[in-house]
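What follows is a set of notes on a single structure, which appears directly below.
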Amino acid sequence: MVPKLPPSALDLEAVAKKAIEDMPPATRFGPEDAAVIAEHREVLAGLKEAFVRGFYDTLFAHPPTAAVFKEGERPVREGTLAFFYDRVLEGPHDQAFLTWLAYVGPVHVVRGVSNPMMLAMVGYLVNFVAEHAHDLPQGPRLTAAFVRLGATLGAIISYGYEAAWRKALENVVGIPEALAQRAALEEAQRLFPLRGQA
Ligand code: HEM
């Protein structure tokens with residue numbers, strides 16, 4: 001089960017689907033990866049506490065990421081991250097799971113967490129597993145599964161983040177999203193011309 005999502009200004013299912021569609025299939029998290037995680041569920045479950053502690057030690061040791069948190073918030077955040085970790089281990093990695101990940105993006109936008117902060121911690125997740133998988137017989141398969149999980153997570157979260165910004169901007173400026181996107185692309189091409197076309 002994933003938490004029941006509150007009503008959203010975004011079609012989160014569409015956000016998750018679009019992010020995955022943009023990924024070349026070989027780079028996406030798939031059923032084989034889910035099977036490898038299931039095979040290692042017990043060993044990974046034993047690492048949960050270290051994963052969560054290391055995650056927040058890393059964020060609290062760096063002033064820009066530490067500044068995101070309110071006084072006394074760490075225990076609650078550790079709880080939500082532990083829930084996320086359990087959910088990754090237990091599956092199912094179905095549409096509801098992917099749609100929940102799309103919701104996790106905007107949740108962070110609202111708290112001023114940047115995409116670099118998010119993607120850095122996706123790196124922490126993948127690296128954490130890679131380090132612990134080192135001595136396991138199926139270590140390389142497990143690491144590969146988490147590389148694809150990290151890529152999929154990063155794609156959905158960052159696309160959810162981008163979609164939330166676009167929606168917010170659309171409301172503030174009052175321009176329909178498709179028009180704003182076309183205008184932004186044209187302006188980006190003007191600001192950052194390709195070499196040889198300046
Ligand atoms: C791999 C990267 C990350 C994952 C998977 C993750 C996961 C989550 C999840 C599952 C939630 C709860 C969402 C819900 O309400 O259902 C959450 C909330 C939160 N996360 Fe993260 N997180 C990540 C990175 C970060 C980073 C880098 C920061 C800060 C620098 C951060 C700060 C927060 C905060 C402040 C909340 C609470 C949002 C609220 O006010 O409800 N997270 N995160």
Side-chain angles (χ1 to χ4, degrees), residues 1-13 15-16 19-20 23 27-29 33-34 37 41 44-45 47-133 142-165 167-168:
M1 287 288 285
V2 289
K4 191 172 167 356
L5 300 183
S8 171
L10 287 175
D11 180 347
L12 295 170
E13 189 173 323
V15 166
I20 290 172
M23 299 177 70
T27 67
R28 299 175 193 159
F29 183 79
D33 300 318
I37 291 180
R41 198 172 284 151
L44 290 169
L47 296 169
K48 179 165 72 174
E49 216 185 294
F51 169 75
V52 172
R53 193 176 345 103
F55 189 98
Y56 281 103
D57 282 353
T58 304
L59 291 179
F60 276 89
H62 182 53
T65 43
V68 168
F69 300 100
K70 295 177 193 148
E71 188 78 31
E73 188 179 1
R74 179 164 173 162
V76 187
R77 294 283 62 88
E78 289 189 341
T80 45
L81 192 68
F83 178 84
F84 165 82
Y85 188 84
D86 283 340
R87 187 61 181 75
V88 167
L89 261 52
E90 280 160 27
H93 306 93
D94 53 5
Q95 188 56 53
F97 174 68
L98 301 173
T99 302
W100 177 52
L101 294 181
Y103 166 74
V104 168
V107 160
H108 290 86
V109 177
V110 172
R111 291 295 299 269
V113 182
S114 67
N115 262 336
M117 291 175 185
M118 290 303 287
L119 296 178
M121 296 318 283
V122 170
Y124 166 87
L125 165 69
V126 175
N127 206 34
F128 177 89
V129 172
E131 276 174 13
H132 288 88
L142 185 61
T143 298
F146 269 84
V147 167
R148 280 187 286 269
L149 174 70
T152 306
L153 205 70
I156 296 177
I157 291 176
S158 58
Y159 189 56
Y161 196 108
E162 182 192 321
W165 264 111
K167 189 51 138 184

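When a ligand or atom number is given, it counts from 1 through the structure's own listing order. Atoms considered below: every heavy atom in the structure, side chains included; atoms not considered: hydrogens, waters and symmetry mates.
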Working to the nearest 0.5 Å, report the span between OG1 of T58 and CZ of F128. 10.5 Å

Which of the ligand 1 atoms, numbered from 1, are nearer than 4.0 Å to a heavy atom of E73: 35 (C)

Value rounded to 0.5 Å, distance of CG in L153 from CG in L119: 9.0 Å

Could you check whether any heavy atom of L125 sits closer than 4.0 Å to an atom of ligand 1, since that is the contact criterion I want to use? no

Find all atoms of ligand 1 within a distance of less than 4.0 Å from any non-hydrogen atom belonging to R77, and give their numbers and elements. 18 (C), 19 (C), 33 (C), 34 (C), 35 (C), 36 (C), 37 (C)

Can an N or O of T80 be found at a distance shorter than 3.5 Å from an N or O of ligand 1? no

Within the 4.0 Å heavy-atom shell around F84, which atoms of ligand 1 are there? 5 (C)

In terms of the angle between their ring planes, are F84 and W100 parallel, tilted or perpendicular, with boundaries placed at 30° and 60°? tilted

May I ask whether F83 places a heavy atom under 4.0 Å from ligand 1? no

Which residues pass the side chain to side chain contact (heavy atoms under 4.5 Å, CB included) test with R74, not counting sequence neighbours? R53, Y56, D57, F60, E78

Please verify whether a non-hydrogen atom of Y124 lies at under 4.0 Å from ligand 1. no

Minimum distance, heavy atoms only, to atom 4 (C) of ligand 1: which one of M121, M118, R74 is it? M118

Among M117, R111, R87, which one puts a heavy atom closest to atom 40 (O) of ligand 1? R111

To the nearest 0.5 Å, what is the distance between OG1 (T152) and CG (L101)? 9.0 Å

I'd like to check P92 versus R87 (side-chain heavy atoms, cut-off strictly below 4.5 Å). Are they in contact? yes

Using a strict cut-off of 4.0 Å, indicate which atoms of ligand 1 neighbour a heavy atom of V107. 38 (C)

Measure the shortest side-chain to side-chain distance between L125 and F55 over non-hydrogen atoms and say whether it is less than 4.5 angstrom. no

List in chain and number order the residues that pass side chain to side chain contact (heavy atoms under 4.5 Å, CB included) with E71, two or more places apart in sequence or in another chain; answer none if no residue qualifies. none

At a non-hydrogen distance cut-off of under 4.0 Å, which region of F55 contacts ligand 1 (side chain, backbone, both, or neither)? side chain

